[in-house]
Colleague: 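Quick one: the structure is below, and I'll ask about it shortly.
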Amino acid sequence: MNALDGIRVVDLTHAISGPTCTNALVQMGAEVVKVEPPHVGDGFRHYTEHAGEPLLSVPFASINAGKRSIALDLKTDGARAALWKLVEQADFLVENYRPGVLARLGFPVEELRRRNPRLIVISITGFGQSGPLAQWGAYDHIAQAISGIAALGAVDGEPRKIGLPIIDSFTGYIAVIAALAAMRRRDATGEGEHVDVAMLDAALKLANQTVSVHSYTGQTPGGTGNRGFRMVPTSEFYPTADGWIALGANNQAQVEALLRVLGEEAMLADSRMADHAARVANYDFVRNWLEQALSRWGAEDLEARLTAAKVPAAMIREVGQIVQHPHIAQRGSLQAVDLPGHDRPLATMGPGFATDPLAARRVPVLGADGEAVLAELGYDAAAIAALRHEGALA
């Protein structure tokens, strides 16, 4: 049995943050019906790395596999009536429109919860349902910029963004936590609720330690580039003879073990390497010395020796290298999903924690499940045909 077996989700999301939330729910066993605009669908279907089929990009597939798709034109009466039937049977409605759009479509939160008092509405936006910035649009790099995260990664005064949509994805997982908490509360009280999730809040949650440092000292740490969080040179990225390695020698025992592996125990007597404070104060010396010492080693060999000595370390790999690592295979971290139009499955990440595998999942073709979903809601063939004639259903 999966954790969310029997839970029904109406998915009105697009792009990354919202679909990441509903992706996690479907990976835990929930039944997710993705409601998309006719003919075009979720805009993420048109993204890069196209999968060879119309309206099917690989990034879209990665976070929408396992959902069912119905294409409804919510500007029509028939489509709105069908959505109300879905909502009345649902446990969750997840949406990531700007504030006010759901109401303008004819589905204000108050009416949603009046018709289905147990419904939990999850609204994901850039800046929340209230506040001076509520109507601002946001993408991942916008959230990185306004939250201070881009400034924290600055190199020589130039802000840097993280090279993947980390705020979008983390916001989706914050929404999952909020959804599960709301469901726990509903199970106790019988009442659903409206949950307000914002990308800016999620970004600042990621930067929580820095927020607290600023609160306590009044100072904001400057850009650190690749420097480690503790600002010590023994916990950074370094070039080796044949690649790069990340060192994680943060405490005294780890630093001593690092020097032993390098055959440089004599450096322990150097006052500039004596303790954490000395290593931070003499950053340039220690950094330059380590660059010279590490240049004589191969990254993979050094990784093996350091990890055996209980010094956290990792050769810097590309994604293509780590997903083929035996560790990933042993843990079952990757899941195979059926990709329409292809004779081999697509690899996607599982929920991010060890769990029983789900049955085989497929990537939804736009609107392919519409008739089946409507039939389950009580529509007969004539009623479905009428919706198609109206243009409500594609």
Side-chain angles (χ1 to χ4, degrees), residues 1-14 16-36 42 44 60-70 83 85-96 112 116 118-124 169-193 195 197 328-340 345-365 368-370 372-377:
M1 176 179 176
N2 297 111
L4 297 185
D5 282 352
I7 297 298
R8 295 177 174 178
V9 181
V10 175
D11 183 348
L12 293 176
T13 71
H14 60 280
I16 301 176
S17 60
T20 295
C21 170
T22 51
N23 177 59
L25 297 177
V26 83
Q27 287 183 323
M28 289 186 279
E31 176 191 331
V32 176
V33 176
K34 186 175 180 72
V35 180
E36 301 184 70
D42 180 341
F44 213 43
F60 170 86
S62 71
I63 53 174
N64 286 284
K67 304 173 186 178
R68 298 201 288 169
S69 173
I70 181 171
L83 182 54
K85 288 182 178 291
L86 274 172
V87 165
E88 288 164 359
Q89 298 182 11
D91 296 280
F92 292 103
L93 182 147
V94 186
E95 57 97 7
N96 62 339
L112 288 166
N116 182 354
R118 290 177 57 81
L119 182 69
I120 298 166
V121 180
I122 308 291
S123 293
I124 303 170
S169 298
F170 187 65
T171 302
Y173 281 104
I174 289 287
V176 173
I177 295 169
L180 297 179
M183 187 170 68
R184 176 70 178 88
R185 193 156 44 236
R186 184 199 67 181
D187 289 347
T189 67
E191 288 291 319
E193 61 184 280
V195 181
V197 180
I328 299 300
Q330 190 277 326
R331 286 183 54 77
S333 302
L334 293 175
Q335 294 183 350
V337 300
D338 292 333
L339 189 61
L346 179 72
T348 66
M349 284 301 299
F353 57 89
T355 185
D356 292 335
L358 290 170
R361 297 179 297 132
R362 66 174 178 86
V363 178
V365 172
D369 307 292
V373 169
L374 291 172
E376 292 165 10
L377 295 174

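This chain uses plain numbering: 1 for the first residue, then up along the sequence. As a basis for the values below, the full set of heavy atoms in this structure was taken, side chains included, without hydrogen atoms, waters or symmetry mates.
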Colleague: What residues form a salt bridge (charged side-chain N to carboxylate O under 4.0 Å, His left out) with R185, not counting sequence neighbours?
Modeller: E193
Colleague: Using modelled atom types only, decide if a donor and an acceptor are shared between the side chain of Q27 and the backbone of M349 within a distance under 3.5 Å.
Modeller: yes
Colleague: Just by modelled atom types, is the A90 backbone N or O under 3.5 Å from a matching donor or acceptor in the N116 side chain?
Modeller: yes
Colleague: Compare all side-chain heavy atoms of L83 with those of V10 and state whether any distance is below 4.5 angstrom.
Modeller: yes
Colleague: Quick check for you: to the nearest 0.5 Å, what is the distance between S17 atom OG and I63 atom CD1?
Modeller: 8.5 Å
Colleague: Heavy atoms, side chains only, cut-off 4.5 Å: are V363 and F60 in contact?
Modeller: yes
Colleague: Kindly give the heavy-atom pair with the smallest separation between V365 and P340, and that separation in Å.
Modeller: CG2-CG, 3.7 Å
Colleague: Looking only at non-hydrogen atoms, find the nearest pair between Y173 and P351 and report the distance.
Modeller: OH-O, 4.2 Å
Colleague: Calculate, to the nearest 0.5 Å, the distance between atoms CD1 and OG belonging to I174 and S169 respectively.
Modeller: 12.0 Å
Colleague: For a 4.5 angstrom cut-off between non-hydrogen side-chain atoms, does D5 reach E31?
Modeller: no
Colleague: Is it true that D369 and R362 have a side-chain N and a carboxylate O under 4.0 angstrom from each other?
Modeller: yes
Colleague: Check I7 against D91 and note the closest heavy-atom contact, atom names and distance.
Modeller: CA-OD2, 3.4 Å
Colleague: Quick one: do V87 and L119 satisfy side-chain contact (heavy atoms from CB on, under 4.5 Å)? Show the steps, please.
Modeller: CA-CA 8 Å; V87 165; L119 182 69; 3.7 Å; yes
Colleague: Using modelled atom types only, decide if a donor and an acceptor are shared between the side chain of K67 and the backbone of P19 within a distance under 3.5 Å.
Modeller: yes
Colleague: Taking C-beta and beyond as the side chain, do V373 and L86 meet within less than 4.5 Å on heavy atoms?
Modeller: yes
Colleague: Do the charged groups of R68 and E376 touch, with an N to O distance under 4.0 Å?
Modeller: yes
Colleague: When you look at R361 and V26, which way does the side-chain contact (heavy atoms from CB on, under 4.5 Å) test go after all the steps?
Modeller: CA-CA 10 Å; R361 297 179 297 132; V26 83; 4.1 Å; yes
Colleague: What I want to check is whether the side chains of T13 and N96 have a donor and an acceptor closer together than 3.5 Å.
Modeller: no
Colleague: Might you point out which heavy atoms bring A61 and L339 nearest each other, and give the distance in Å?
Modeller: CB-CD1, 4.0 Å
Colleague: Could you state the interatomic distance from CZ (F353) to OG (S333), rounded to the nearest 0.5 Å?
Modeller: 12.0 Å
Colleague: Got a second to check how far I124's CD1 is from T171's OG1, nearest 0.5 Å?
Modeller: 7.5 Å
Colleague: Report yes or no: do T348 and Q335 form a side-chain donor-acceptor pair below 3.5 Å?
Modeller: no
Colleague: Quick one: does any side-chain atom of R186 pair with a main-chain N or O of E191 as donor and acceptor, under 3.5 Å?
Modeller: no
Colleague: If the threshold is 4.0 Å, N to carboxylate O, is there a salt bridge linking K34 and D42?
Modeller: yes
Colleague: Given the rule in the side-chain contact (heavy atoms from CB on, under 4.5 Å) test, do V9 and V33 qualify, once you have shown the distances and angles that lead to the verdict?
Modeller: CA-CA 6 Å; V9 181; V33 176; over 6 Å; no
Colleague: Side chain of N2, backbone of M28: donor and acceptor closer than 3.5 Å?
Modeller: no
Colleague: Ignoring hydrogens, what is the shortest heavy-atom contact between S62 and N23? Give both atom names and the distance.
Modeller: O-OD1, 4.2 Å
Colleague: Report the C-alpha separation of V35 and D11 in whole Å, then their side-chain angles, then the decisive distance to 0.1 Å, and conclude whether the side-chain contact (heavy atoms from CB on, under 4.5 Å) test is met.
Modeller: CA-CA 6 Å; V35 180; D11 183 348; over 6 Å; no
Colleague: Measure the CG-OG distance between N64 and S69 for me, rounded to the nearest 0.5 Å.
Modeller: 9.0 Å
Colleague: For V195 and A182, work out which heavy atoms get closest and say how close.
Modeller: CG2-CB, 4.1 Å
Colleague: Enter the distance from I16:CD1 to F44:CZ here, rounded to the nearest 0.5 Å.
Modeller: 4.0 Å
